[in-house]
**Q** 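Sharing a structure, written as structure tokens. Questions coming.
Computed over heavy atoms, backbone and side chain alike; hydrogens, waters and symmetry mates excluded. For this chain, numbers begin at 1 and follow the sequence in order. Just follow the structure's listing: the first ligand is 1, and inside any ligand the first atom is 1.
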Amino acid sequence: MADSILEAFLNNCEKSPNKLCLSFENQSLSYTDLANRAHRFGAALQEWGLEEGERVALFLENSPDFLAAYLGIFMVGGVVALVNTAYKQVELRHILRDSGARLCFTEQERLSELERVQPDLPELEKIITLGSALEEFLTNEGSFTPRLRQGEELAVLAYTSGTTGRSKGAMLLHRNLISNIESLRQTWGWTENDHLLLTLPLFHAHGLMVGAHGTLTSGASAELKRHFNATEVYDSLLTGQFSMFFGVPTMYTRLLLESVQRAEKPLPLRLYVSGSAPLSAQTFEEFKQVFGQAILERYGMTETIMNMTNPYEGERRPGTVGLPFPGQEARVVDVKTRQPLLPGTDGEIEVRGSHVFKGYWNLPEATAESFSADGWFRTGDLGQMSEDGYYTINGRAKELIITGGYNVYPREVEEVLHNCPGVAEVAVYGLPDADMGEKVAAAIVRNDVSLSEEIVIAFCKDNLASYKKPRQIAFVEALPRNAMGKIQKHLLR
Ligand code: MCA
Ligand code: AMP
């Protein structure tokens with residue numbers, strides 16, 4: 001078996017060099033096309049002097065070059081730091097500094113945001129924008145042989161926000177990536193005949209480590225889209241070309257809304273998958289009625305990639321995230337005693353297996369806190385297991401808002417808003433939202449009455465990704481606190 005995504009991809013390239021791998025806008029790339037492009041990245045990075053284990057940041061939206069750069073970095077033993085394209089100065093400064101990236105690939109439209117923080121990033125030697133600067137970088141192709149057999153080495157730093165307000169770099173090894181996707185491919189019956197419609201962003205685990213890894217390691221193909229757009233996706237589904245679609249729940253609710261205006265209904269696909277946030281039983285049922293298919297819900301985390309899945313064959317039970325993937329373990333423990341609990345009892349979900357990350361980059365204490373002595377990873381998700389092994393997530397031990405599949409940690413937004421002139425006190429919390437599942441809300445005590453919603457939102461958007469801005473703001477006289485002085489967010493809700 002291949003011991004990395006790169007090796008599995010190159011094996012498929014050898015087996016079916018001319019087979020379609022990716023289509024994107026007006027481009028079609030065979031396995032050989034993508035491998036050649038990745039080689040050019042690898043050769044150029046080697047010539048530039050990237051050493052094994054050094055980090056390269058990808059601050060890129062979806063395109064074939066995202067994947068060519070990703071594979072090319074692996075070819076020289078480099079480590080990829082993933083960066084959400086919505087990030088603004090606060091997140092960029094932190095991630096680029098923390099990862100110590102020497103090089104960053106980005107697009108022209110993101111350059112000005114990067115340049116705002118560049119003076120604070122002494123380790124960032126080079127920024128390369130797609131287009132002529134990239135083509136110039138890729139011209140020097142010397143002799144070059146990709147490195148393989150690197151299973152135990154670090155592959156990706158995937159930043160995932162934390163309770164501290166600063167995101168943590170989850171260290172994923174090549175072994176984590178390949179073992180998880182192998183298990184997933186077998187479970188979902190992914191073969192070289194599959195054609196995936198991939199609209200999820202590649203800078204997060206869902207799009208990259210499920211959608212792209214599954215495609216590249218199965219020898220299958222995908223049509224990559226820059227963004228999700230319900231009308232366009234509906235049109236694509238009507239063509240009957242696709243066998244699979246993966247999305248976050250917001251995408252499914254939007255497809256259902258789209259279907260109301262359409263007379264024609266898509267023929268069933270082999271597989272619709274939902275994850276990253278809870279899929280409501282109502283959406284599950286409505287989708288089944290309209291699209292003629294039961295969505296397969298699965299549960300993942302950046303630190304562990306995919307943990308659980310409803311059965312491919314067998315009952316897909318709405319409101320549950322199914323069972324652990326084969327070869328991976330899960331259990332529910334008491335939040336205080338950390339002792340395993342019986343089926344039907346609520347506790348915290350823990351997972352163990354070769355899919356679980358190595359730890360948080362440069363954060364030994366946070367790493368130690370997130371594992372039990374015998375190697376179980378504490379997910380921070382609360383739930384229970386049924387007598388027949390299905391897991392249900394019914395809460396979170398961590399304070400987290402999931403909006404449209406993106407995570408927002410209230411603490412990070414609160415820290416930024418504390419610096420907004422006119423804000424005396426602030427509390428950020430989640431509220432239900434029909435489109436996004438949850439939305440960000442804030443209660444603010446002002447010390448300047450001229451402070452308006454518009455000013456707060458503009459301040460947020462200047463510092464943080466726009467999806468983290470509050471969509472609802474209440475100006476209050478005081479924040480409700482308990483006897484210990486802790487803000488009681490449930491009262492604000
Ligand atoms: C965009 N906006 C949002 C969100 N997305 N606001 C709140 N929550 C969101 N998720 C805001 C933008 O900031 C912008 O605000 C305005 O909406 C329009 O932006 P646009 O890009 O046009 O948004 P959209 O088309 O409505 O995007 C919705 C979306 C997108 C398609 C659902 O958020 C998306 O692709 N989500 C997928 C996230 C994902 O892949 N998560 C996986 C994480 P303004 O105009 O004011 O600036 S990995 C993970 O969770 C684990 C491993 C797992 O289990 O998968
Ligand atoms: P991230 O930090 O982006 O990796 O987000 C991982 C978190 O998303 C998990 O810890 C869960 O809280 C949540 N999540 C992922 N998939 C599901 C799902 N199917 N149902 C409920 N929550 C989910």
**Q** Under a 4.0 Å heavy-atom cut-off, what residues line ligand 1?
**A** L200, P201, H204, A205, H206, F228, V248, T250, M251, R254, S276, R298, G300, M301, T302, T403, G404, G405, Y406, M436, K461, S466, Y467, K469, R471

**Q** We want to know whether R270 and H195 form a side-chain donor-acceptor pair, criterion being a heavy-atom distance below 3.5 angstrom.
**A** no

**Q** Just by distance, no angles: are the side chains of N84 and H204 close enough, under 3.5 Å, to form a donor-acceptor pair?
**A** yes

**Q** According to the salt bridge (Lys or Arg N to Asp or Glu O under 4.0 Å) rule, which pairs have a member within residues 300-317, sequence neighbours left out?
**A** E315-R317, R317-D388

**Q** Could you list the residues that satisfy salt bridge (Lys or Arg N to Asp or Glu O under 4.0 Å) with D65, not counting sequence neighbours?
**A** R37

**Q** Is it true that the side chains of N307 and Y391 contain a donor and an acceptor less than 3.5 Å apart?
**A** no

**Q** Does a donor on one side chain sit under 3.5 Å from an acceptor on the other, for S218 and R185?
**A** yes

**Q** Check each protein residue for a heavy atom under 4.0 Å from ligand 2 and list those that pass, ordered by chain and number.
**A** T160, S276, A277, P278, E297, R298, Y299, G300, M301, T302, V321, D381, I393, R396, K398, I402, N407

**Q** Take a 6.0 Å sphere around CD of Q488 and say whether it holds more than 12 heavy atoms from other residues, nucleotides or ligands.
**A** yes

**Q** Taking atom types as modelled, find out whether H94 and Y87 have a side-chain donor-acceptor pair closer than 3.5 angstrom.
**A** no

**Q** Can you tell whether the side chains of E113 and R116 come within less than 4.0 Å, N to carboxylate O?
**A** yes

